[in-house]
Every structure is written in C-alpha cells, then in structure tokens.
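Numbers here are sequence positions counted from 1. We count ligands from 1, going down the list as the structure has it; atoms in each ligand are counted the same way.
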Amino acid sequence: MSQSESELKSTATTCPYCGVGCGVLVTPSEDGQTAQVKGDPDHPSNFGKLCSKGSALGETLTHEERLLDPVVYGQKSDWNSALDLVAGRFLQTIAEHGPDSVAFYVSGQCLTEDYYIANKMMKGFIGSANIDTNSRLCMASSVAGHKRAFGADTVPGCYEDLDHTDLVILVGSNFAWCHPVLHQRLLVAKEQRGTRIVTIDPRQTATSDAADLHLPIKPGADVALFNALFVHLSNSTAFDKSYVDAYTDGLEEALKVASELSLEEVAVETGLSIEQLVTFFDLVTQTEKTMTIYSQGVNQSSTGTDKVNAIINGHLATGRIGRAGMGPFSITGQPNAMGGREVGGLANQLACHMDFDAGSLDKVQRFWDAPNLAQGPGLKAVDMFDAIGNGKIKALWVMATNPAVSMPNADKVRRAIENCPFVVVSDIVETSDTVKLAHVKLPATGWGEKSGTVTNSERRISRQRSFLKPAGNARHDWDIMCDIARRMGFEGFAFDNPSDIFKEYAQMSAFENNGTRDFDIGHFDEITTNQYDDLTPFQWPLAKNETQARAKRFFENGNFYTANKRAKFVSTPVKAPASKPNAEFEFVLNTGRIRDHWHTMTRTGKTQRLSTHIAEPFVEINSRDALKLGLVDSDIAIVKSKWGSAHLRVLVTDRLADGSAFAPMHWTRRYASKGCVDAITSSNFDKVSGQPEMKYTPVSIEKFKLDWWAYAVISEEPSPEILAKFSYWALARRNDGWSVELAGDNSIWDYKTLMEELLQVDPQDEELSFVDTKTGNMRRCVISDNLLKGFAILSTQGSVEADRAWLGQNIGKKLDDTVRLRLLAGRPPAGEVSGKVICACMGVGAGEIEAAIKSGAETVVEVGKVTCAGTNCGSCKPEISVLISEYMHASKLDQMEAAE
Ligand SMILES: Nc1nc2c(c(=O)[nH]1)N[C@H]1C(S)=C(S)[C@@H](COP(=O)(O)OP(=O)(O)OC[C@H]3O[C@@H](n4cnc5c(=O)[nH]c(N)nc54)[C@H](O)[C@@H]3O)O[C@H]1N2
Ligand SMILES: Nc1nc2c(c(=O)[nH]1)N[C@H]1C(S)=C(S)[C@@H](COP(=O)(O)OP(=O)(O)OC[C@H]3O[C@@H](n4cnc5c(=O)[nH]c(N)nc54)[C@H](O)[C@@H]3O)O[C@H]1N2
Ligand code: SF4
Ligand SMILES: [Mo]
C-alpha cells in the first residue's frame, strides 16, 4: 500500500495509557490483530510525538488472552442470560439489604461516557454512592487539595506552560518514565530557554538524571519542605501582596502553622542539608515563572492532601498561578483520570463537579429525574473493600481495573472478593487476577474497538475512535451498563450511541451553572452524532455560545469557586507517615512504575518490545544495605510487611538512601510466582482524601535461600502447573516465545524431569546438552526441525549469567552451526553482544550502544545517529547517557593506570 493510501485509512484517536493524552494515527492490519501507530502531528497534546508504550500499541491488539464471551460461574454463556442474572442479583440484593449493600469499583481507564452511565446508575437510580474508582489510589489527594484551596477540582495550568517556564519543580514524579512526551517537551525548553529542573524524590531516577538540582528528600517529608518554602517566599521579594490581599484568605494562620519548624528542624525532617534548602529556596524566589509538577510521590501518602496544599500555598503567596509558565500542576496518571473526576466517579462527589450539598442534590435530582438519588457520600476504595470483606456489601461490579493486584493490602482485598456472594467483572482479558475471581465475567470492547472521550491532565477532551470490530462477542462498557439498568427497570438509559451520552453529559455540565461551576462544556449540549465523530481536541471550560475556551488558565484574577470567590491558604502541620519502621520492619518500601510497563501488564505484557527493558519484578536497595543483609545483585529477596510478602530479584544501586527500598507495582500472578508488591503495601490512608499511602510501607528484607537458578527461553508458554513446581519464576514474552527466570532448592531438585517438562521435549526432538557433574550446572537446548524450540541454562552457584536478549532472539529461529555451538555457551558470537534492551522503540540493546560509544560516539545524539537508539520517544536517553559516562569514566581510569 502506498503511503498516501495508508494515511487515508488511518484513524485519529487518543492513546489509552497515560494522562498526557497523546493523539495517535492508527492504520490497522487487514486481520485487525495489529496496526501501524504513529503520533498525530495535529494533536495539541503531543504534536506527533509518542513514547515507547504508545509506539507499541499496535502489538497489543491481538486477541490472545481476550475475554470473548460472557462467562457465568465458569461456563461460557450468552449476553441475555448473563445480563438477566446480573440485573436480577443486584435487584434482589438491594431489595433484601438496601442500596448500600451493592457497589461499583470502576476506573480512570473507563471512557467518560462509560463513567457517566455508571455514576448515573449508582447514584441516581440504585440510590447509593458506593461507586468508587481506582482514581482513589491515584488522584484523590490532588482533588481534595484543589477543593480545599480553590473551592473546586480545577487544574489551573496547561501544557503550553512548559514552553514558557524558567523553573520546573518535579515533586514525587518520575516524569521521564511516566509522562515521557511531556518530559521531552520540558527538555526542549531546557535546551532552548535554559529552563531549570529541580527533582524532589527519595530516589534518583531517569528524571533526576536530567535535572539541575536533585533533592533526595526523606520519604513522606514534603510538607515540611514546602511549608519552609512557603514561609521563605512570604518573607521575600517574591511575595505578591496585591494578589494575596485581593484574592485569598487565611494567609496568617497558614503561615503560623508552616513556621512551626526552624530551618534546622526542616533539614532534619527532610534529610536535606541547609545548603540544599537555601539553594532551592533562592532559586524559587528568584524565578517568577515557576511550575510545580507533582504526582504519586505527593498523592499516595497519608499526608497527600496536605502536601498538595503546602505546594499550592507557595504559589498563592507569590501570585504565580494562572499565568503563562507558572502554577501548581497536578499531572494525571490514567488516560481518563480527569474525565472521571469531572463526571463524578469518586464516592464523595455527586456529578459534574457538584457535591452532596442541598443545592446540588436538588439540581441533580431534577436533571436526571432520579427516583432514588443518593443523599451523601459512599464508601471510598479501602473502606469499600473492607465492607465487602465484612459482608456489608454483598454484590460488587468491577470495571476496567484489577484491584486484586493494585489495591494496597491486596491479599486482603483478594480474600474479600473471593468471599463476596456475587462478583461481576467487566474486562478485556480473561487472565487478570481479578477476572479470575468473578462469578460473572463480561467481555468488554477494548481500545480500538470502542468510542468515546477522555480528558487529559490539562483539561483537554479528546476522542477515542474505534477502528476495529469488537473482539468476539465483546460489548461496550456503557452499552452493557445501560442494558442492565434497563433490565433493572430504570428509565433514562435508552442510549444507543456514545454521542447521545456525551450530549446529555454536556447538558448536565451546563445545567443551572451560570458560571458557578468551573466544569462547563455546554457548547456541546446539542451535539449530533456526526459532529461528535468529527470532534477535535478541546479544552474546557467551553460553555454554550462560546467558541473557544474562555481562558486556557484559571485564577490569574482570582475568581475561585469558594463561596466568597477567594482562594484559601490551608494550614498544613507536619505529620509523620502513618506506620513507622521498627526492629522487625526496618526498611521503608517505596513503590511505583517502570518505563515500559503499564500497571498490571494485561496489555504491555503481551508485547516483547515492552517486556525486555525490565523483565522481572525487583527490589532496589543500596550497596551498604545489601552488604548488611548479605545480599548481592541478582539474589532473590523475601520482602515482608505486617500485611504480606513478595519474592523479588535484588537490584543493588546507589540511587536511594540507607534503609529504603523501591519495587515496581506491575507484576501479578499471571507473570510471576510472588511478584505482587501490593500484597505488601499498607492500606493506611490520608484522612481527608482517602488515598492510600502506597509509597511508604515498613518492611523486612531477607535472602530467599535457594540452591539453584535457571533461565529458559521456550517457544510455547510453560503451563501454570509446571511453573508452580519452582520456588521462584518470572515469565516474559519474547519474539516467537517466552523467557522465564527460575529458581529452586534441593528439595525439588530433579533437574532432568523438571527441565524436560519445562522445555516440552518430544522424542523426535534433537538435543544438545552440557552437564557438569561436579557442580550440577547444566545447559540444554532442544531443537525441532532445525528450529530452536527451547533452551535452558541452570546454575548452582548463583544466578545465571547469559546474554538473555540474544538467547531470546533465537527462539523459533533456524540455527546455523556457529549459533548451535554458541548456544551452549549462552553467549553470542564475538562482536554480537546485544545485552539488555535499552531503547524499546527501536529495539537497541546495551551491546550495540556500547559498541557505538567505543567507536567514538560521545553524546546521546551521536549514539542515536549510529544506532537509532533514543531517536523516537527519547525516554531511554538518560540510560544512554549513563552508558556514555560509565565508558568515559572507565577509559579515564584505564588512561590513569597506563600513565602510572
Ligand atoms: N510507564 C508507565 N507510565 C505510567 C504508568 C505506568 O503504569 N507505566 N501509569 C500512569 C499512572 S496511572 C500514574 S498515576 C502515573 C504515576 O506517575 P509518577 O507519580 O511519576 O510515578 P510513580 O513511579 O508512581 O512515583 C513517582 C515518584 O514518587 C517518588 N516518591 C515516593 N515517595 C515519595 C515522597 O515521599 N516524596 C516525594 N517527593 N517523592 C516520592 C518515587 O520514588 C517515584 O520516583 O504514571 C502514569 N504513567
Ligand atoms: N504499590 C502500588 N500500587 C499501586 C500504585 C502504586 O504506585 N504503587 N498506583 C496506583 C494507581 S495510581 C493506579 S491508577 C492503579 C492502577 O491499577 P489498575 O487499574 O488495577 O491497573 P490496570 O492494569 O490498568 O487495570 C485495568 C484493567 O482494565 C482492563 N481493561 C483495559 N481496557 C478496558 C476496557 O476498555 N474496558 C474494560 N472493562 N476493561 C478494560 C485491563 O485488562 C485491566 O485488567 O494502581 C494503583 N496501585
Ligand atoms: S506519553 Fe506515551 S503513554 Fe502517555 S499518552 Fe503519550 S504515547 Fe501514550
Ligand atoms: Mo494512577
């Protein structure tokens, strides 16, 4: 097909991963199992750029693992029976135990139209507010902080601010890995106008590698730091008395509370030196165009809401808000985290930025003609799963989220779901840990099949458009819910397309609004299906009769959404995290994300491109602690808390402080024996927002005593039964097959049978093997029709050393003689080392990058010219620059030695 033909067939839609909300152009393959994906140059969120996850979207469309039909009590079923059952059980439960005996747990990955229906159904018709969302784990503290300061959940700024700013403070945000396209935009500003970057994070990250100043704060200590900054700014030339006098309340009181600690005490509290504090404070004081961008290091804390307000206090005191290049900026996680907040997906909101006050209750009741409107907030996520566990909630519907893995204290949540009398899960896959627990599994259409809207971090609403037929018998989430609502006898759910839902939603946003609520998209209150199909990305507010957003930014001239229209300085006393380390649990476990995986990996786990950068769950600790614990790189550790435990590969670095540890949140029972970190995390939560403290759990770390370690690449996926025979396993997708890290102890040591089972050896297969009878080390290669079917390498002396990327590349491949010989050595022919994959977009390994550096490439740009690494999304650039500096350092040492 020519370029222009493929362009003609492409669909403009929005990436379904992070809250940046990039526009993508998609051209699906004829069978719909893959697609070409590129950045949409016309989309104002990304102007054509994409990150590694967005670029690999085409590879996640296969129907592998998709749930294709409704499944009821383990049996494939049809929609009519499944929906009758769900409607009947919900009605019966409500009749017997009241509306609060049922609950919905939904997601920031629902489209706005899905979310609107879920919220209307639960709050307006069932008559309970027991609908909460995984945004409780994500954005709740930001929402609460905004409401306390501004009177509404308003994000004042926009992405364009990144082009105009002189200083960006990144607090608790691994921007380079989690919002890569915006991070690249920031790096352009750094290059073009010298924008300075400060990172505030207990660990060094790819983001801090690109910063001018990194403040390795003690976990949880942000309030102390931002209180001190607020006090400093208020006593400096940066203080904006006219803004404060005209538009705010409560300065004196908030300053009094913020001044409780002396600078010396702040240094102790934050673990930062006075010098670091003063440098930081001076920089902020001197830079009018300052943005503070924050994410989960702020939100996921028992003091998350106070952290948000401590940050906002500084911006209000300096009037640095609502103008180009400045302001507090809460960056959202999921593609529609913001849409959910607008709709009212949280248990403590009613709808369309209205709460449970009498006026709002009256408006919403009339607008929906709601027969049974919930009169007050429902249960927030942690409390909701507690109520499921103790039997108060008897019927649960989970949609587009995987709480058995992603909720804190996840084993307890899993037990609660297991014991709940009736559980419905709508998902796109049949393999998620939560889907496996459902009585009724409902197949939902996924990205590419469904249509609707999402809102990104800067209040920009974009269309997701379908370009594929639904997989199997999957149906759209909104359609499934409307059908059930109708079967439950509710009126107001007669929708047969998303554009009518969007129209009703736009009408609701404008209903008796008259400027009293920030969220108003009344411009679309008459939108037709054709107009909806053509809808281009726009920012709210966009009220009726307005053709373009009233303002890109909020609050330059006050006009807050509080009763007196003035912003509120909130007093934020310093408080310690809810649980403290003790003799038994000495370490503080921090958790978060890695570059190439998305949450519980139900989609990114399907692509090898995203599974090679980091292929295993790990726990990162520093070298001093490793020594103390008797752990070396690549041991496996048992990480334990009061709540649960996990088995994680040890990663020793010097990028975090003594007594702290970091583990990624992504691994589930699908991909690892015991890699779920939320089995460990605490469900302590912020009392204002209800958001759990997932970044601070006291844990113990000890060596998992094992006798042997193995690594295998196999063309067929090993069965769960075989994997269960190992003490430790972690599975990852490779081109044409799988790789698996394994370990065991001597009690289960019968390598011959175990390896045969694992490699699925058939009598007609050819085998190459090497066994060292003294050590027990072995390598075994199974070849079928001259193609590599499987390879396993086993060591009794610590974790296996092998070029994993190279081995992975050979599965299913025809083997020439050199490769056959080299396979048993586990190493590629000289000069071909591929090493760990660094650039996922272009598939470039460390070996190739090192070779380029050795042959003279001295900068990231030069490496890119030679290898293409780092030339697409750029999120591997920090790693390339580490490789360059390591090489430079090593060659300097060599030169010094030679000189001696
Ligand atoms: N690759 C990738 N990108 C994603 C996602 C993904 O799964 N994968 N998920 C998306 C979603 S839903 C979200 S919410 C965002 C999250 O995006 P981020 O919030 O940027 O990501 P996290 O890794 O959860 O945490 C950010 C940082 O907070 C730091 N931190 C921990 N404790 C503290 C503390 O007390 N103070 C401070 N200042 N920092 C602390 C951690 O060390 C970590 O580096 O990412 C989005 N983007
Ligand atoms: N320890 C720790 N835990 C965390 C966090 C952390 O930083 N540390 N972060 C928290 C945060 S911020 C978040 S946002 C959560 C995320 O956690 P989850 O929401 O649990 O993670 P996902 O894997 O994104 O789950 C989405 C599910 O929806 C399914 N799905 C995808 N598309 C559709 C669709 O169109 N319709 C339906 N019905 N289903 C679909 C996917 O297959 C998947 O099963 O994790 C939280 N948990
Ligand atoms: S930054 Fe990456 S994950 Fe986020 S929306 Fe853009 S392409 Fe998708
Ligand atoms: Mo999130």
For N622 and D654, what are the C-alpha separation, side-chain angles and deciding distance, and is it a side-chain hydrogen bond (donor to acceptor under 3.5 Å, both in side chains)? CA-CA 5 Å; N622 77 25; D654 278 318; 5.1 Å; no
Does only the side chain of V405 get under 4.0 Å from ligand 2, or the backbone, or both, or neither? Count heavy atoms.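 Under 4.0 Å from ligand 2, V405 contributes no heavy atoms.
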Residue pair [X] / [Y], side-chain donor-acceptor N/O under 3.5 Å:
{"X": "S302", "Y": "K575", "answer": "no"}
{"X": "T207", "Y": "N174", "answer": "yes"}
{"X": "T401", "Y": "S107", "answer": "no"}

Decide if atom CZ of R593 counts as having more than 12 heavy atoms of other residues, nucleotides or ligands within a radius under 6.0 Å. yes
Count the heavy atoms belonging to other residues, nucleotides or ligands that lie under 6.0 Å from NZ of K49, then report whether that count exceeds 12.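 No, because the 6.0 Å sphere around NZ of K49 holds 12 heavy atoms or fewer from other groups.
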Residue-ligand contact [X]/ligand 2, heavy atom below 4.0 Å:
{"X": "M139", "result": "no"}
{"X": "M407", "result": "no"}
{"X": "W598", "result": "yes"}
{"X": "D114", "result": "no"}

Can you tell me which residue and heavy atom of the protein come closest to [atom], and the distance to 0.1 Å?
{"atom": "atom 18 (P) of ligand 1", "value": "S295 OG, 3.4 Å"}
{"atom": "atom 19 (O) of ligand 2", "value": "N134 ND2, 2.7 Å"}
{"atom": "atom 1 (N) of ligand 2", "value": "D678 OD1, 2.7 Å"}
{"atom": "atom 45 (O) of ligand 2", "value": "M665 CE, 3.3 Å"}
{"atom": "atom 8 (N) of ligand 1", "value": "H597 O, 2.6 Å"}
{"atom": "atom 22 (P) of ligand 2", "value": "H599 CB, 3.5 Å"}
{"atom": "atom 35 (O) of ligand 2", "value": "K450 NZ, 2.7 Å"}
{"atom": "atom 11 (C) of ligand 1", "value": "G333 CA, 3.2 Å"}
{"atom": "atom 12 (S) of ligand 2", "value": "R593 NH2, 3.1 Å"}
{"atom": "atom 26 (C) of ligand 2", "value": "A400 O, 3.3 Å"}
{"atom": "atom 32 (N) of ligand 2", "value": "I428 CD1, 3.8 Å"}

Under 3.5 Å, is there a donor-acceptor pair between the side chain of Q464 and the main chain of T13? no
Please indicate whether any nitrogen or oxygen in H666 is less than 3.5 Å from any nitrogen or oxygen in ligand 1. no
Can you find an N or O of K218 that's nearer than 3.5 Å to an N or O of ligand 1? no
Using 0.5 Å steps for rounding, measure from the CG atom of N456 to the OH atom of Y159.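 Going from the CG atom of N456 to the OH atom of Y159 covers 3.5 Å.
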At a 4.0 Å threshold, what atoms of ligand 2 neighbour a non-hydrogen atom of [X]?
{"X": "A444", "answer": "36 (N), 37 (C), 38 (N)"}
{"X": "M694", "answer": "3 (N), 4 (C), 5 (C), 47 (N)"}
{"X": "V677", "answer": "1 (N)"}
{"X": "K695", "answer": "7 (O)"}
{"X": "S426", "answer": "37 (C), 38 (N), 39 (N)"}
{"X": "Q109", "answer": "19 (O), 22 (P), 24 (O), 26 (C)"}

Taking [atom] as the point of reference, which of [options] owns the nearest heavy atom?
{"atom": "atom 21 (O) of ligand 1", "options": "C138, C178, P664", "value": "C178"}
{"atom": "atom 30 (N) of ligand 1", "options": "A221, S107, S406, P202", "value": "P202"}
{"atom": "atom 44 (O) of ligand 1", "options": "D201, I293, L170, I217", "value": "D201"}

Per-atom contacts, ligand 1 versus [X] - under 4.0 Å to a heavy atom:
{"X": "P219", "value": "35 (O)"}
{"X": "N590", "value": "31 (C), 41 (C), 42 (O)"}
{"X": "K53", "value": "1 (N), 2 (C), 3 (N)"}

Listed partners of D596 passing side chain to side chain contact (heavy atoms under 4.5 Å, CB included), at least two apart: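 Counting only residues at least two positions away or on another chain, D596 forms a side chain to side chain contact (heavy atoms under 4.5 Å, CB included) with S52, L610, H613, A840.
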For ligand 2, is there an N or O atom under 3.5 Å from any N or O atom of [X]?
{"X": "T681", "result": "no"}
{"X": "T591", "result": "yes"}
{"X": "T600", "result": "yes"}
{"X": "Q296", "result": "no"}
{"X": "W447", "result": "no"}

Quick one: sort the H597 and H666 rings into parallel, tilted or perpendicular, breaks at 30° and 60°. tilted
Using the ring of each side chain (for Trp, its six-membered ring), is F175 parallel, tilted or perpendicular to H179, with breaks at 30° and 60°? tilted
Evaluate the criterion salt bridge (charged side-chain N to carboxylate O under 4.0 Å, His left out) for residue pair E430 and K436; output intermediate values, then yes/no. CA-CA 7 Å; E430 55 182 5; K436 287 189 173 160; over 6 Å; no
Touching ligand 1 at all, Q300? Heavy atoms, strictly under 4.0 Å? no
V298 near ligand 1, heavy-atom distance under 4.0 Å? no
Least distance between heavy atoms, V413 atom then P408 atom: CG2-O, 3.9 Å
Does the ring centre of F618 sit less than 6.0 Å away from the ring centre of W667? no
Closer than 2.8 Å to atom 4 (Fe) of ligand 3: how many protein N, O or S atoms are there?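 My tally for this metal is 1.
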Heavy-atom distances under 4.0 Å decide this one: backbone, side chain, both or neither, for Y17 against ligand 1?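 None of Y17 does.
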Under the criterion side-chain contact (heavy atoms from CB on, under 4.5 Å), which of N299, D678, N590, L589 is the partner of M694? D678
Which of these, N227, D222, N309, sits in a side-chain hydrogen bond (donor to acceptor under 3.5 Å, both in side chains) with T572? N227
